[in-house]
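Just so we're clear, the structure is a prediction, and the values are computed from it rather than from any experiment. Computed over heavy atoms, backbone and side chain alike; hydrogens, waters and symmetry mates excluded.
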Amino acid sequence: QVRLVESGGDSVQAGGSLRLSCAISRATRSSYYMAWFRQTPGKEREGVAAISISGYTNYADSVKGRFTISKDLAPSNVYLQMSNLKPEDTAMYYCAARRGGGDWSSWALQPDEYDYWGQGTQVTVSS
């Protein structure tokens with residue numbers, strides 16, 4: 001059973017920073033592709049950042065240069081460092097995982113490609 005638990009969401013002023021964490025627990029050792037998504041009411045879930053098993057990263061254009069995804073060497077935590085936050089970054093942020101394969105760059109930020117999801121953590125940025 002794979003379980004993802006996000007933490008770190010908060011309310012901040014524009015220009016501020018936050019660090020989200022995602023702890024992944026699983027019954028057996030395995031490697032996972034990981035990603036962060038976000039969603040606001042009435043909108044589709046949007047890919048924000050992804051990290052491959054080997055550590056390659058992929059970002060949405062809207063967050064490039066401001067957000068950084070990383071993971072522990074022990075493969076049980078993934079982080080999203082968010083800087084220079086803007087009001088449009090306000091959303092529920094979700095951590096996701098999958099084992100898959102194939103051309104990672106083609107599906108890295110596609111929510112339908114992921115099998116496991118956390119419950120979300122709220123980020124609110126005020127102007």
[atom2] on [Y] to [atom1] on [X], rounded to 0.5 Å:
X      : Y      : atom1 : atom2 : result
Ser21  : Leu80  : OG    : CG    : 9.5 Å
Tyr56  : Ser105 : OH    : OG    : 11.5 Å
Leu109 : Ser106 : CG    : OG    : 10.5 Å
Glu44  : Asp112 : CD    : CG    : 9.0 Å

- [ ] Applying side chain to side chain contact (heavy atoms under 4.5 Å, CB included), run through Gln13 and Ser127 and close with a yes or a no.
- [x] CA-CA 6 Å; Gln13 295 283 329; Ser127 57; over 6 Å; no
Open item on the list: Can you confirm whether or not the ring centre of Phe67 sits under 6.0 Å from the ring centre of Trp36?
Closed with: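 When the ring centroids of Phe67 and Trp36 are compared, they turn out to be at least 6.0 Å apart.
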Close side-chain approach of [X] to [Y], heavy-atom, < 4.5 Å:
X     : Y      : answer
Val2  : Ile24  : yes
Leu18 : Leu85  : yes
Thr90 : Val123 : no
Met82 : Leu20  : yes
Tyr33 : Ile51  : no

Least distance between heavy atoms, [X] atom then [Y] atom:
X     : Y      : result
Val78 : Ile69  : CG1-CG1, 3.9 Å
Gly47 : Ala60  : O-CB, 3.3 Å
Val12 : Ser17  : CG1-O, 4.2 Å
Met34 : Leu4   : CE-CD2, 4.2 Å
Met92 : Gly120 : SD-C, 3.7 Å
Ser52 : Trp104 : N-CZ2, 3.6 Å

Spell out, as yes or no, whether a donor-acceptor pair under 3.5 Å connects the side chain of [X] to the backbone of [Y].
X      : Y     : result
Tyr59  : Arg66 : no
Lys64  : Asn58 : no
Thr121 : Gly9  : yes

TODO: Please say which of Glu6, Gln39, Arg38, Gln122 ends up in a side chain to side chain donor-acceptor pair (under 3.5 Å) with Tyr93.
DONE: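 Among the candidates, only Arg38 passes.
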Open item on the list: Just by distance, no angles: are the side chains of Arg98 and Tyr114 close enough, under 3.5 Å, to form a donor-acceptor pair?
Closed with: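 Judged by distance alone, the side chains do not pair up.
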- [ ] May I ask you to check if Arg3 and Trp117 form a cation-pi contact, with NZ or CZ under 6.0 angstrom from the six-membered ring centre and within 45° of the axis?
- [x] no
- [ ] Apply the test side chain to side chain contact (heavy atoms under 4.5 Å, CB included) to residues Tyr79 and Asp72: give CA-CA distance (whole Å), side-chain angles for both, the deciding distance (0.1 Å), then the verdict.
- [x] CA-CA 8 Å; Tyr79 307 98; Asp72 286 345; 3.0 Å; yes
- [ ] Walk me through it: do Lys86 and Val125 pass the test side chain to side chain contact (heavy atoms under 4.5 Å, CB included)?
- [x] CA-CA 6 Å; Lys86 303 175 181 181; Val125 184; 5.5 Å; no
